[in-house]
J.: 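Pasting a structure below so you can have a look.
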Amino acid sequence: MKNNGSLCQQFSRIIGGQPGFAGGKCVSTITRDQLRATILGKRFSVTSSFSFESLNTSTGRALCLGRGAFLQKEVNTFISAIRKQGIKVTSVRNEWLFEQPRLIYINIESVDRPLIFARKIRRALDAIQ
């Protein structure tokens with residue numbers, strides 16, 4: 001993935017996140033500080049992350065994954081927008097007890113060109129705003 005630093009930067013720029021590498025994969029992280037979320041009354045950082053790995057250099061396609069944190073009122077809009085673009089929703093769940101506001105986490109996956117996947121994510125995120 002060392003040669004894909006520029007691709008990772010572009011991927012993150014499109015999504016609107018901070019680029020990084022974890023376990024050999026490009027990860028773009030979005031922090032939703034505006035939510036001011038708490039667990040048991042203590043503030044915590046609400047993050048969503050989107051990644052790609054196993055890039056096939058001949059096809060340009062990679063395993064593209066995501067884990068997004070959403071308010072309950074955003075869930076249906078995001079799921080509809082992501083499915084319309086051919087991305088699989090693999091789980092919808094809450095992860096915490098006693099968090100405020102209530103957060104729902106959505107996992108997604110696709111095999112796609114990373115920048116195309118990033119644009120699809122951006123469109124789906126824009127739909128909830």
J.: For P114 versus A62, what's the shortest heavy-atom pair and its separation?
T.: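 Looks like CG-CB, 4.1 Å.
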
J.: Taking all heavy atoms of T29 and all of S49, pick out the closest pair and write down the distance.
T.: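 Closest pair (atom of T29, atom of S49, distance): OG1-CB, 4.2 Å.
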
J.: Between E95 and R67, is the closest basic N to carboxylate O distance under 4.0 Å?
T.: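 So R67 pairs with E95 through a salt bridge.
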
J.: Report the distance from atom CD of E53 to atom NZ of K25, rounding to the nearest 0.5 Å.
T.: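 These two atoms lie 5.0 Å from each other.
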
J.: Is the distance between the ring centroids of F117 and F52 under 6.0 Å?
T.: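 So the answer is no for these two rings.
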
J.: So, do I128 and F70 sit near enough that their side-chain heavy atoms are less than 4.5 Å apart?
T.: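 A side-chain contact exists here, since the closest heavy-atom pair is under 4.5 Å.
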
J.: When you compare the side chain of L97 with that of L40, does any pair of heavy atoms fall below 4.5 Å?
T.: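 Not touching, per the 4.5 Å side-chain cut-off.
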
J.: What heavy-atom pair brings A22 and V27 nearest, and what distance separates the two atoms?
T.: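 That closest heavy-atom pairing would be CB-CG2, 4.1 Å.
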
J.: Can a donor-acceptor pair be found, under 3.5 Å and without considering hydrogens, that links the side chain of S28 to the backbone of P19?
T.: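 Such a contact is absent between S28 side chain and P19 backbone.
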
J.: Establish whether L115 and I87 are linked, either directly or via other cluster members, by ILVMFWY side-chain heavy-atom contacts under 4.5 Å.
T.: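 Yes, because L115 and I87 connect within a single hydrophobic cluster, where side-chain heavy atoms sit under 4.5 Å apart.
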
J.: Are R32 and E74 close enough for a salt bridge, meaning some N to O gap below 4.0 Å?
T.: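 Looking at E74 together with R32, the answer is yes, because their closest N to O distance falls below 4.0 Å.
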
J.: Report whether I79 and F50 are members of the same hydrophobic cluster (ILVMFWY, side-chain heavy atoms less than 4.5 Å apart, transitive linking).
T.: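 Per the 4.5 Å side-chain linkage, I79 and F50 are co-clustered.
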
J.: What's the spacing between L7 CG and C26 SG if we round to 0.5 Å?
T.: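 One finds 7.0 Å between CG of L7 and SG of C26.
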
J.: Taking all non-hydrogen atoms of both residues, which atom of I108 and which atom of T90 are closest, and how far apart?
T.: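 Reported closest heavy-atom pair: N-OG1, 4.0 Å.
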
J.: Say whether I30 and V89 are linked into one hydrophobic cluster, either directly or through other cluster members, by side-chain heavy-atom distances under 4.5 angstrom.
T.: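 They do share one cluster, since a chain of ILVMFWY contacts under 4.5 Å joins I30 to V89.
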
J.: Could you tell me whether the side chain of R119 reaches within less than 4.5 Å of the side chain of I15, counting heavy atoms only?
T.: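 They are not in side-chain contact.
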
J.: Quick check: is I116 connected to V111 through a chain of hydrophobic side chains (ILVMFWY, heavy atoms under 4.5 Å apart)?
T.: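 No; I116 is not reachable from V111 via cluster members.
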
J.: I need the T31 OG1 to Q18 CD distance, nearest 0.5 Å.
T.: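 If we round to the nearest 0.5 Å, T31:OG1 and Q18:CD are 7.5 Å apart.
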
J.: Heavy-atom count check: over 12 atoms from other residues, nucleotides or ligands less than 6.0 Å from R36 CZ?
T.: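 No - once you tally the heavy atoms of other residues, nucleotides and ligands closer than 6.0 Å, there are 12 at most.
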
J.: Determine whether L35 and L103 satisfy the following criterion, side-chain contact (heavy atoms from CB on, under 4.5 Å), listing intermediate values before the conclusion.
T.: CA-CA 10 Å; L35 294 183; L103 298 170; 4.0 Å; yes

J.: Quick one: closest heavy-atom pair of I14 and R122, and the distance?
T.: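 Closest approach of I14 to R122: O-CD, 3.0 Å.
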
J.: Between CG of L71 and CZ of R102, what distance do you get to the nearest 0.5 Å?
T.: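 Atom-to-atom, L71:CG and R102:CZ are 11.5 Å apart.
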
J.: What heavy-atom pair brings R93 and S91 nearest, and what distance separates the two atoms?
T.: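 Heavy atoms only, the tightest pair is NH1-OG, 3.0 Å.
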
J.: Rounded at 0.5 Å granularity, tell me how far CZ in F44 sits from OG1 in T38.
T.: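 Those atoms lie 7.5 Å apart.
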
J.: Assess whether side-chain contact (heavy atoms from CB on, under 4.5 Å) is satisfied between E99 and V46, documenting all intermediate values.
T.: CA-CA 11 Å; E99 88 277 17; V46 177; over 6 Å; no

J.: Does I104 share a hydrophobic cluster with F78, counting links as ILVMFWY side-chain heavy atoms below 4.5 Å and allowing steps through other members?
T.: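 In one cluster: yes.
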
J.: Is a donor on one side and an acceptor on the other found under 3.5 Å between the side chain of N56 and the backbone of S58?
T.: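 Flag set: sc N56 to bb S58 pair under 3.5 Å.
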
J.: Just verifying a value: how many Å separate S51 OG and L65 CG, rounded to the nearest 0.5 Å?
T.: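 Rounded to the nearest 0.5 Å, the OG-CG separation comes to 4.5 Å.
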
